[in-house]
Amino acid sequence: MTVVEADAAYVKPFNSNIIVIGPGQTTNAVLKTKPNYINATFFMLARPFFTGKGTFNSSTLAGILQYEIDTPPSESDLKNRTLLKPTLPSVNDTSFVASFSSKFRSLNSAKYPANVPRKVDRSFFFTIGLGSIPCPRNQTCEGPNKRTKFAASVNNISFNLPTVAILEQHFSGKDNGGVYTTDFPVVPPRPFNYTATPPNNSMVKSGTKVVVIPYNTRVQVVLQDTSILGAESHPLHLHGFNMLVVGQGFGNFDPVADPGKFNLVDPVERNTIGVPSGGWVAIRFVADNPGVWLMHCHIDLHMSWGLRMAWIVNNGKLSHQKLLPPPSDLPKC
């Protein structure tokens with residue numbers, strides 16, 4: 001197969017017998033068939049990639065590709081056909097996934113330029129992963145010690161969805177009204193060895209906190225996986241923008257050595273990026289879309305546990321750089 005697209009953006013074509021797709025991602029590939037009919041059946045196999053703890057369905061899904069011929073094969077013909085079956089990597093083969101991900105490059109042509117910010121105005125460092133919060137009184141929870149329940153967080157903040165839309169409150173121009181606060185931490189509150197032995201304290205804080213940035217800000221975010229309750233690959237999705245993936249690696253991000261290795265020529269453009277299990281990924285985007293934009297894990301359970309945060313991009317000076325008003329028929333609660 002020849003991969004030609006990722007998340008609705010063209011990429012430099014490359015060949016691969018296996019394709020990795022994270023939750024929420026898309027990939028288009030061109031399948032090259034044999035020039036002549038072959039008396040064989042081709043299996044196409046799929047199974048999960050999973051690096052976390054817990055039980056899951058690891059069975060392999062099978063589809064069959066067979067060539068069309070003028071005379072339909074008999075049952076005996078089918079039994080006598082050669083069965084060709086691919087070999088898939090192991091369920092938790094992080095090195096294969098990292099190698100596959102590194103093959104993606106944008107076209108960076110005159111027609112499809114890679115408009116990657118060479119300089120950044122705001123730089124953020126977000127740790128992501130699982131943690132815990134206290135179990136409600138008189139309840140038994142499934143978290144550590146049965147006295148806590150699982151939570152997930154960005155920079156130790158487990159995001160609570162408010163009862164009033166942040167976008168509605170922001171557009172009104174009034175103060176936050178208790179709906180949200182603008183003190184989301186831009187770096188982890190307490191640095192630690194993120195991918196080594198986890199700290200004893202797995203507790204996270206809850207809140208509805210956002211980051212506010214001016215229109216047209218050139219943003220860089222390093223997303224660092226953590227091993228607090230087990231390292232795991234997290235597919236992070238950003239609303240409102242496409243991310244340019246300028247770097248990724250295993251272990252802890254090195255702010256001195258790693259930026260020198262960033263790809264600022266033809267980084268892939270995606271709306272969902274898999275943060276490596278026990279590793280990090282660096283993204284850049286230009287905040288030229290005013291409004292309120294959620295960034296969250298695309299594993300539904302993790303998102304429901306709070307692995308999400310929100311960006312508020314303020315209006316620009318020109319009329320086309322301002323947030324549009326709600327439609328006249330917007331339902332009222």
Side-chain angles (χ1 to χ4, degrees), residues 7-8 22-26 121-122 124 126-131 133 136 149-186 189 204-219 221 223 234-243 270-273 275 283 285-333:
D7 292 352
Q25 291 182 331
T26 65
D121 303 311
R122 296 287 306 276
F124 302 87
F126 290 170
T127 54
I128 61 172
L130 307 183
I133 57 176
K149 64 178 182 178
F150 290 112
S153 67
V154 180
N155 274 358
N156 211 49
I157 302 296
S158 185
F159 192 86
N160 289 334
L161 289 177
T163 55
V164 176
I166 298 176
L167 180 63
E168 182 181 355
Q169 189 70 21
H170 168 65
F171 180 80
S172 71
K174 303 174 184 177
D175 60 24
N176 302 341
V179 175
Y180 62 91
T181 61
T182 59
D183 57 344
F184 186 89
V186 299
V204 303
K205 295 182 179 180
S206 298
T208 307
K209 301 177 183 291
V210 304
V211 175
V212 180
I213 51 178
Y215 180 84
N216 234 26
T217 300
R218 294 168 294 187
V219 178
V221 187
L223 300 162
H234 296 277
L236 262 290
H237 176 66
L238 175 62
H239 289 221
F241 306 93
N242 275 3
M243 303 173 283
R270 306 208 71 142
N271 60 48
T272 304
I273 181 65
V275 180
I283 64 168
F285 66 93
V286 178
D288 56 1
N289 193 3
V292 180
W293 305 107
L294 198 67
M295 186 167 75
H296 63 91
C297 183
H298 241 297
I299 297 175
D300 289 346
L301 186 60
H302 292 177
M303 186 169 71
S304 72
W305 286 349
L307 211 169
R308 52 197 174 197
M309 57 81 62
W311 304 87
I312 290 183
V313 179
N314 285 328
N315 287 338
K317 296 180 179 179
L318 304 179
S319 59
H320 69 277
Q321 298 172 344
K322 298 184 185 300
L323 182 63
L324 293 173
S328 59
D329 60 348
L330 180 70
K332 302 295 182 181
C333 295

Next item on the list: Taking the side chain as every heavy atom from C-beta outward, state whether Leu323 and His170 have any atom pair closer than 4.5 Å.
Entry: yes
Note to self: Return the CH2 to CD1 distance between Trp305 and Ile299, rounded to the nearest 0.5 Å.
What the structure shows: 9.5 Å
Margin query: If you apply the rule side-chain contact (heavy atoms from CB on, under 4.5 Å), what do you find for Tyr180 with Ile312, and how did you get there?
Written below: CA-CA 11 Å; Tyr180 62 91; Ile312 290 183; 3.6 Å; yes
Notebook entry, point to check: Any donor-acceptor pair under 3.5 Å linking the side chain of Asn314 with the backbone of Tyr215?
Noted result: no
Notebook entry, point to check: How far apart are the closest heavy atoms of Leu223 and Met295, and which atoms are they?
Noted result: CD2-CE, 4.0 Å
Note to self: Any non-hydrogen side-chain atom of Val211 less than 4.5 Å from a side-chain atom of Met309?
What the structure shows: yes
Note to self: With a 4.5 Å cut-off on side-chain heavy atoms, are Gln321 and Val313 touching?
What the structure shows: no
Next item on the list: Identify the heavy atoms of Met243 and Leu238 that sit nearest to each other, and give their distance.
Entry: CG-CD2, 3.7 Å
Next item on the list: Return the minimal non-hydrogen interatomic distance between Gln25 and Asp7, and the atom names on each side.
Entry: CA-OD1, 3.3 Å
Check: Are any of the side-chain heavy atoms of Ile133 and Lys149 separated by less than 4.5 Å?
Finding: yes
Notebook entry, point to check: Does any non-hydrogen side-chain atom of Leu307 lie less than 4.5 Å from one of Val154?
Noted result: yes
Item checked: Aromatic ring proximity Phe159/Phe184, centre distance under 6.0 Å -> no
Item checked: Any donor-acceptor N or O pair under 3.5 Å, side chains His296, His239 -> yes
Notebook entry, point to check: Is Lys322 reaching over with its side chain to a backbone N or O of Gly316, donor-acceptor style, under 3.5 angstrom?
Noted result: yes
Checklist line | Donor-acceptor pair, side chain of Asn216 and main chain of Asp288, under 3.5 angstrom | finding: no
Margin query: Given 3.5 Å as the limit, does a donor-acceptor pair link the side chain of Asn289 with the main chain of Phe241, or not?
Written below: no
Next item on the list: For the residue pair His237 and Asn271, establish whether any side-chain heavy-atom pair is separated by less than 4.5 Å.
Entry: yes
Item checked: Smallest separation among heavy atoms of Gly306 and Ser158, with atom names -> CA-OG, 3.5 Å
Item checked: Sub-4.5 Å side-chain heavy-atom contact between Val292 and Val210 -> no
Margin query: Is the shortest side-chain heavy-atom distance between Thr208 and Leu161 below 4.5 Å?
Written below: no
Next item on the list: Please work out which of the three classes, parallel, tilted or perpendicular, describes the rings of Trp311 and Phe285, given edges at 30° and 60°.
Entry: perpendicular
Check: Which atom names give the shortest non-hydrogen contact between Ala8 and Thr26, and what distance separates them?
Finding: N-OG1, 3.8 Å
Item checked: Worked check of side-chain contact (heavy atoms from CB on, under 4.5 Å) between Ile128 and His302 -> CA-CA 11 Å; Ile128 61 172; His302 292 177; over 6 Å; no
